[in-house]
J.: 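Provided herewith is a single structure, encoded as structure tokens, for subsequent inquiry.
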Amino acid sequence: MCSSPNWGQLPALAISNIFQCLNHQDRLRASTACWHWRSTIFQPRFFKRIQFNVAREQNRKNSFFLEKLAHIVSEVKIAFDSCNLYDVEQAAEILYKLSKSSRLLSISILPKYATLVTPGSFCSEDEWDYVLKLFVQPLMSLLSRKNPPLQALDLGGSEILSLHAPDFLHCISKPQCLERLVLASVKQDPGHYALQLIEPALFEKCSSLQVLSLDYDSMCEELLHTLHLLPLRQLIVHVHGINEEDHFGLSENAWTSFRNSNPQTELHLTLMCAYEAVDMLHSHIFRRSMPLTHLKVLFCEKMNREALNYLSEHYNATLRSLVWVDSMRIEQYRNIMELVMHTDMDPLVMMAWRCKNLQEIIIHGYLLDPINLVGVSRLRGRELQLLEVSGVHFTIPSVRNPYIAEISAQLGKKWCPLHEKTLPPALRFYPVANEVRDQYILKYIRKDIME
């Protein structure tokens, strides 16, 4: 008489072969069969990446990850509340333990806010030493490791960590293996901040670098010339404050040379709380040869008509996404109505007509003309994958539904303006708290980064 098989005594190799035939969720379910099956699942081929979400209620889960997974995964993200001292120190402890991993290839530090809190009694020099010990040194340990070399570093927009960018670049053991480097920051005070100077020569050996993000302040023509040699797919630039005396802008010739050498590169330009730079966007920052594909203007409290016209005139072959976002207030409504009424043609309509690759328009904090929105939808049709607005000036409530129906028909999907109550707090209230604003910005800019 044949007895039934004891599945708990199958060889580990057989169980591994079974696991390979399953997707990740089914594999996890199968591993709950017994202790033997559970122990067999902890292999590098079954766990490529994990994310630590640091919080007191997540301590047990994070401890489990450190014990069972940290030494086998190749990609790790650490998300934490950077305004909570306990969470900051927990994140630093996780990072320290990960710095001993021999398999880690990619590390992302994802603070919830631009601020990184330190013990209250610290002076600025002590704060620098605190961050150096808890975050910078473990990251430098990973970057200086030769086998295997780190392939990706993401500082998550942290202002104080981005100031150490030159240190990180100096200590990379094998810069030719680096594929993704995210150094751009979100400033706690966009009007007053320390400048980060990066030697262009530090990028010369980064021959595999595909994704790079930098602050505009740290860019110069020599750096742009150095980037010619790299196989960049994506260059992300953050603009905050701007000083014409200290930063002369990047010339047309520099961008022409860059674009000729890197025809495949996407340029993502993001202005955040750049109250002065937004006025100079079309004159000081934009250059015709920029390979601009994505423009984000976040909380700059002004819409620049000349800049919008410049987009449709000079980036009609490259522009794919426009995001112009502010918190709602009456003054901004008045500004956009003046923009519509005192121009021969709405710049959004011109953009929809000329920019043949435009796929996304997101505008909040401004009141738009429904007739022009219909024009945008007719010109772009179903190629416009996302049209997101929250303020539309319907002079007569009864005409709202026909406009919405027409735009929906042109886009090929149900559409309507977002209701004020559904907007994130950062867009719904004015003035908005810095922490609320920064949290919105950080989440938004992380969507940009290619994996």
J.: Strictly under 6.0 Å, is that where the ring centroids of Tyr310 and Tyr315 end up?
T.: yes

J.: Checking Lys296 against Asp448 for the salt bridge (Lys or Arg N to Asp or Glu O under 4.0 Å) test, could you report, in this order, the C-alpha distance in whole Å, the side-chain angles of both residues, the deciding distance, and whether it holds?
T.: CA-CA 10 Å; Lys296 291 180 176 61; Asp448 261 354; 2.9 Å; yes

J.: May I ask you to decide if Ser173's main-chain N or O and Ser144's side chain share a donor-acceptor pair within less than 3.5 Å?
T.: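 Not at all, since once roles are kept as given, no pair shorter than 3.5 Å links the two residues.
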
J.: Working to the nearest 0.5 Å, report the span between CG of Leu98 and CG of Leu104.
T.: 6.0 Å

J.: Are Glu266 and Arg320 close enough for a salt bridge, meaning some N to O gap below 4.0 Å?
T.: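 So Glu266 pairs with Arg320 through a salt bridge.
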
J.: Say whether, by atom type as modelled, one donor and one acceptor occur between the side chain of Thr265 and the main chain of Leu232 under 3.5 angstrom.
T.: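 Yes.
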
J.: Could you check if a side-chain atom of Leu267 sits within less than 4.5 angstrom of a side-chain atom of Arg259, using non-hydrogen atoms only?
T.: no

J.: Under 6.0 Å between ring centres: does that hold for Tyr130 and Phe135?
T.: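 No, ring centres 6.0 Å or more apart.
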
J.: Should the heavy atoms of other residues, nucleotides or ligands under 6.0 Å from NZ of Lys356 be counted, would the total exceed 12?
T.: yes

J.: Any side-chain heavy-atom pair from Leu308 and Arg305 closer than 4.5 angstrom?
T.: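 No - every pair of side-chain heavy atoms lies 4.5 Å or more apart.
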
J.: Hey, does the side chain of Arg287 reach the backbone of Asn253 with a donor-acceptor pair shorter than 3.5 angstrom?
T.: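 Pair absent, no side-chain N/O of Arg287 close to backbone of Asn253.
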
J.: Verify whether one side chain among Glu388 and His364 offers a donor that lies under 3.5 Å from an acceptor in the other.
T.: yes

J.: Establish, from distance only, whether the side-chain atoms of Ser101 and His71 form a donor-acceptor pair under 3.5 Å.
T.: no

J.: Just verifying a value: how many Å separate Asn309 CG and Met351 CE, rounded to the nearest 0.5 Å?
T.: 8.0 Å

J.: Is a donor on one side and an acceptor on the other found under 3.5 Å between the side chain of Ser261 and the backbone of Ser257?
T.: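 Yes; judged by distance alone, with no hydrogens or angles, the pair exists.
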
J.: Can you establish whether the number of heavy atoms outside Lys174 located under 6.0 Å from its atom NZ is more than 12?
T.: yes

J.: Answer yes or no: is there an ion pair linking Asp215 with Lys187, defined by an N-O contact shorter than 4.0 Å?
T.: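 Lys187 and Asp215: salt-bridged.
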
J.: Under 3.5 Å, is there a donor-acceptor pair between the side chain of His294 and the main chain of Ser321?
T.: no

J.: Counting N and O atoms only, with roles assigned by atom type, does the side chain of Ser158 sit under 3.5 Å from a partner on the main chain of Leu155, one being a donor and the other an acceptor?
T.: no

J.: Would you say that more than 12 heavy atoms from the other residues, nucleotides or ligands in this model lie under 6.0 Å from the CD of Gln51, or not?
T.: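 It does: Gln51 CD has more than 12 such atoms within range.
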
J.: Quick one: does Ser327's side chain get under 4.5 Å of Phe429's, heavy atoms only?
T.: no

J.: Please check if the number of heavy atoms outside His225 that lie under 6.0 Å from its NE2 is greater than 12.
T.: no

J.: Is any side-chain heavy atom of Glu222 closer than 4.5 Å to a side-chain heavy atom of Pro200?
T.: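 A side-chain contact under 4.5 Å exists here.
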
J.: Near Lys61 NZ, under 6.0 Å, is it more than 12 heavy atoms from other residues, nucleotides or ligands?
T.: no

J.: Say whether, by atom type as modelled, one donor and one acceptor occur between the side chain of Asn84 and the main chain of Asp87 under 3.5 angstrom.
T.: yes

J.: How about Trp415 and Val389: do any of their side-chain heavy atoms sit closer than 4.5 Å?
T.: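 Sidechains of Val389 and Trp415: in contact.
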
J.: Assign the ring pair Tyr440 / Tyr444 to parallel, tilted or perpendicular, where the plane angle (0 to 90°) is split at 30° and 60°.
T.: tilted

J.: Decide yes or no for Leu271 and Leu298: does some side-chain heavy atom of the first lie under 4.5 Å from some side-chain heavy atom of the second?
T.: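 They are not in contact (no side-chain heavy atoms under 4.5 Å apart), so the answer is no.
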
J.: Would you call the rings of His240 and His238 parallel, tilted or perpendicular, where under 30° means parallel and over 60° means perpendicular?
T.: perpendicular

J.: Counting only N and O atoms by type, is there a donor-acceptor contact under 3.5 Å from the side chain of Asn316 to the main-chain atoms of Glu313?
T.: yes

J.: I'd like to know if the side chain of Ser208 reaches the main chain of Glu179, judged simply by a donor and an acceptor atom lying under 3.5 Å from each other, with no hydrogens or angles considered.
T.: no

J.: Do the side chains of Leu95 and Ile109 get nearer than 4.5 Å, heavy atoms only?
T.: yes

J.: Run Leu411 and Leu387 through side chain to side chain contact (heavy atoms under 4.5 Å, CB included) and show every step you take.
T.: CA-CA 9 Å; Leu411 298 180; Leu387 175 61; 4.2 Å; yes

J.: Would you say Ile107 and Leu150 make side-chain contact, with heavy atoms under 4.5 Å?
T.: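 A side-chain contact exists here, since the closest heavy-atom pair is under 4.5 Å.
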
J.: Under 3.5 Å, is there a donor on one side chain and an acceptor on the other for Thr256 and Ser289?
T.: yes

J.: Looking only at heavy atoms, which two atoms of Glu252 and Arg288 are closest? And how far apart?
T.: OE1-N, 2.9 Å

J.: Under 3.5 Å, is there a donor-acceptor pair between the side chain of Glu360 and the main chain of Gln385?
T.: no

J.: If we ignore angles and hydrogens, is there a donor and acceptor under 3.5 Å between the side chains of Asp217 and Tyr193?
T.: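 Yes, side-chain donor-acceptor contact under 3.5 Å.
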
J.: Any salt bridge between Asp326 and Lys302, counting N to O under 4.0 Å?
T.: no

